[in-house]
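Working notes, structure below.
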Protein chains: 2
Amino acid sequence: MDGQGGEKLLFLTDEQLRQGIEAMFFAYRGFTSDPDRILDQHGYGRAHHRALHFINRSPGTTVTNLLAILGVTKQSLNRVLRTLIADGLVEGRVGAQDRRERHLHLTAAGVALESQLSDAQQARMRQAYRQAGPEAVAGFRRVLEAMMEPEIRRQYARLAE
Amino acid sequence: MDGQGGEKLLFLTDEQLRQGIEAMFFAYRGFTSDPDRILDQHGYGRAHHRALHFINRSPGTTVTNLLAILGVTKQSLNRVLRTLIADGLVEGRVGAQDRRERHLHLTAAGVALESQLSDAQQARMRQAYRQAGPEAVAGFRRVLEAMMEPEIRRQYARLAE
DNA sequence: CTTGGAAAGTCAACAAGGCTGACATAAACT
DNA sequence: AGTTTATGTCAGCCTTGTTGACTTTCCAAG
């Protein structure tokens with residue numbers, strides 16, 4: 001089912017794969033460049049952006065949840081979270097049922113910065129989507145999903161619910 | 001040409017863009033995970049991989065060329081290049097016409113490691129391409145290209161020649 | 001033939017953001 | 001009462017990015 005089942009798949013030459021790899025590399029740079037500039041002005045880095053993004057996405061999420069999504073150690077995340085809380089962008093509320101948990105929320109200031117970052121990144125994404133067309137977008141999403149680790153893909157799908 | 005030319009483009013909701021952003025983030029993690037594991041065993045990092053990749057791609061390229069492609073400072077690149085040369089994976093040949101330039105080449109050992117990294121990354125890419133199908137791949141590429149900085153897109157196109 | 005400037009390399013210092021390991025505390029569970 | 005879980009924190013290390021200053025080499029133009 002592979003030898004000739006891949007009628008159109010014969011085009012998967014070494015060179016094509018290599019170009020796909022390079023496209024990912026260069027595109028990811030573009031993808032992060034706008035938020036990076038904004039973060040820089042505020043003295044933050046990409047790690048802060050990621051935390052803000054996912055707290056905004058799932059308000060009330062716990063630290064453990066966030067660790068699983070971000071795939072970093074708690075020490076690494078804590079360093080970032082500590083500064084965001086100290087700067088009044090994030091709030092950690094003690095859990096109602098389980099009081100060990102901290103439920104993370106953005107403050108008004110946190111929402112403001114997240115929006116600014118999000119707007120910049122979304123603007124580029126929108127431009128790319130428009131330029132490529134709706135069918136390209138569907139393909140883009142399918143390939144990206146197929147590229148994720150299965151475990152991560154599940155979390156990704158859960159977020160999109 | 002934009003106001004209503006986007007018949008199908010009305011679907012660009014905030015939520016869709018957000019999912020695209022998350023897909024990029026998670027997919028990039030998958031994209032780098034296999035090479036990362038191999039690099040770790042050799043005591044190298046992603047920066048070494050990038051250097052090996054582009055030297056392999058454009059044998060005889062100069063340090064300045066590489067700097068432009070990688071978008072880092074020469075000090076940063078030099079540190080990586082120095083270890084690769086010391087470890088006998090890369091060779092820097094003095095330029096024939098302009099003897100200030102170093103023309104970079106992989107040694108046999110360099111080619112071996114690059115292949116190992118490349119094979120791992122290509123395997124994932126191939127699997128994702130097959131799973132998503134040829135039309136999705138075309139769309140994937142179009143969106144990625146539209147996401148790059150224009151300057152970078154030109155370099156990307158030049159590489160693909 | 002001198003001099004300006006480009007290409008390359010090096011040293012030092014610093015920061016972000018990963019990591020490990022060890023340990024503390026509070027709360028929940030058994 | 002004892003164990004497990006969630007979180008936080010200290011200390012230290014690594015990679016990989018940065019800036020700034022400086023040197024060496026060497027081409028090319030005056």
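Chain A is the first sequence line, chain B the second, and so forth, proteins listed ahead of strands; every chain is numbered from 1. FYI, side chains are in, hydrogens and waters are out, and symmetry mates aren't considered; it's all heavy atoms of this structure.
A side-chain donor-acceptor contact under 3.5 Å links A:Arg124 to the backbone of B:Met147.
Residue B:Leu70 contributes atom CG, which lies 8 Å from atom P of D:dG17 at whole-angstrom precision. Atom-to-atom, CG of A:Leu81 to P of D:dG8 comes out at 7 Å; the value is rounded to the nearest Å. In this structure, B:Tyr44 atom OH and D:dC14 atom P are separated by 17 Å, rounded to whole Å. Rounded to an integer number of Å, the gap from CG of B:Asn78 to P of C:dT10 is 6 Å. In this structure, NE2 of B:His103 is placed 13 Å from P of D:dC26, rounded to the nearest angstrom. Across the protein-nucleic acid pair, B:Asp40 atom CG and C:dG18 atom P stand 15 Å apart, rounded to whole Å. When rounded to the nearest whole Å, the span between CG of A:Leu39 and C1' of C:dA15 equals 15 Å. Remark: C1' of C:dG17 and CG of A:Leu66 are 15 Å apart, rounded to the nearest angstrom.
Residues meeting the side-chain contact (heavy atoms from CB on, under 4.5 Å) test with B:Asn78, sequence neighbours left out: B:Arg82.
Note on A:Glu101 versus A:Arg93: no salt bridge recorded, every NZ/NE/NH1/NH2 to OD/OE distance being 4.0 Å or above.
A donor-acceptor pair shorter than 3.5 Å can be found between the side chains of A:Gln19 and B:Arg141. At a cut-off of 3.5 Å, with distance as the only test, a side-chain donor of A:Thr32 or A:Arg46 sits close to an acceptor on the other residue.
Listed in residue order, the members of residues 46-60 of chain B having a heavy atom less than 4.0 Å from DNA chain D are B:Arg46, B:Ala47, B:His48, B:Arg50.
Proximity of A:Arg82 to the phosphate of D:dT9: a side-chain N or O atom is located under 4.0 Å from OP1 or OP2.
With DNA chain C read from its 5' end, the first of the two nearest nucleotides for B:Ile85 and A:Leu77 is the one closest to B:Ile85.
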query = How does protein contact run along nucleotides 19-30 of chain C, one letter per nucleotide 5' to 3', with B for base contact, S for sugar-phosphate only, - for none, heavy atoms under 4.0 Å?
reply = BBBB----BS--

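Cation-pi check for B:Arg142 over B:Phe140 is not met; the charged atom does not lie both under 6.0 angstrom from the ring centroid and within 45 degrees of its normal.
Relative ring orientation between B:Tyr44 and B:His48 is described as tilted, the plane-to-plane angle lying within the 30° to 60° band. Aromatic ring orientation, B:Phe26 versus A:Phe54: tilted (interplanar angle from 30° to 60°).
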task = Walk me through it: do A:Ser58 and A:Leu159 pass the test side chain to side chain contact (heavy atoms under 4.5 Å, CB included)?
result = CA-CA 8 Å; A:Ser58 310; A:Leu159 278 172; 3.5 Å; yes

